[in-house]
Amino acid sequence: MNILLTNDDGIQAAGIWRLAEALRPLGRVTVVAPERNQSGIGTAKSLHAPVPTREYQSPLEGVRAVSVGGTPADCVILATESLFSEPFDLVVSGINEGANLGLDIMSSGTVGGALQGYYRNIPSMAVSVTSLSNVQFDGAANAAKALAQALLAKGKAVPAPLLLNVNLPNVSRSLLQGIELTRLGPRADMRNVETEGESGHYRIMHNKPVGDQAEEGTDIWAIRNNNVSITPLNGLLTTAEGTTLSQALAHEVARALGMGK
Ligand code: MN
């Protein structure tokens, strides 16, 4: 079994190596990750310049590693199309330091990397711990291993494509309440700007956690209640909601373009 690991925190981040260590017993583990921290880069691809790759001195025996001067999406694209001849059976992105919940996944490099595996019909998952400090990786590493083991055991029986967004609260095992299969919870507090000292310079931050507004069944709710959150995603940002309005709008465009309907 061939497992590809990437992340957005960069190839030197602790989380990806904890993940590699956990998954190494399951098969051949290959790390292809960004040279530098790419958190918040989302699904971006480096379209405007050649992307450098370098062999990286892996701290784990038997684990291959390549660093990429680009984004998590670049890493998975290069790994699956160019760097290696054998196909990958699984893509795991993480373990990210920091939550990837609700609307924030739209700018998540962790999810951005996993998406490229999903687009290529490889079962893929993004794994995050919802804290930026004193991150406890054990639970996430064990969860990722269990998911990987179950998926690899199913082999061709996994209905492709599959994309999971997994988040764990940063608590010890004894405080974990359970596993929740969730949907993405929109975050209501969208104030992203923080001013910096220098005039005219601003800092754009992640969305801030919402007070008590997280709805039951959402990923945010699950985390807030100390559950592991597993959100099955699809890569299609389409919705049937608002169809009547959309039809009316399409009608206006048709009229403007003289198409009569
Ligand atoms: Mn990150």
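Residues: numbered from 1 along the sequence shown. Atoms within a ligand are numbered from 1 in the order they appear, just like the ligands themselves.
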| field | Enclosure of Asn134 CG (heavy-atom neighbours >12, cutoff 6.0 Å) | value | no
| request: Taking both backbone and side-chain atoms into account, decide whether Asn100 has an N/O/S atom under 2.8 Å from the Mn ion (ligand 1). | output: no
| Do Arg64 and Glu55 sit within salt-bridge range, that is, some charged N less than 4.0 Å from a carboxylate O? | no
| query | Do any N/O/S atoms of Asn96 come under 2.8 Å of the Mn ion (ligand 1)? | reply | yes
| task | State plainly whether the residues Glu180 and Arg224 are in salt-bridge range, i.e. N to O under 4.0 Å. | result | no
| remark: For OD1 in Asp8 and OG in Ser39, the angle at the Mn ion (ligand 1) (nearest 10°) is 100°
| query | Is the shortest distance from a Lys or Arg side-chain nitrogen in Arg24 or Glu61 to a carboxylate oxygen in the other one below 4.0 Å? | reply | no
| Heteroatom test (N, O or S) for Asp9 near the Mn ion (ligand 1), limit 2.8 Å | yes
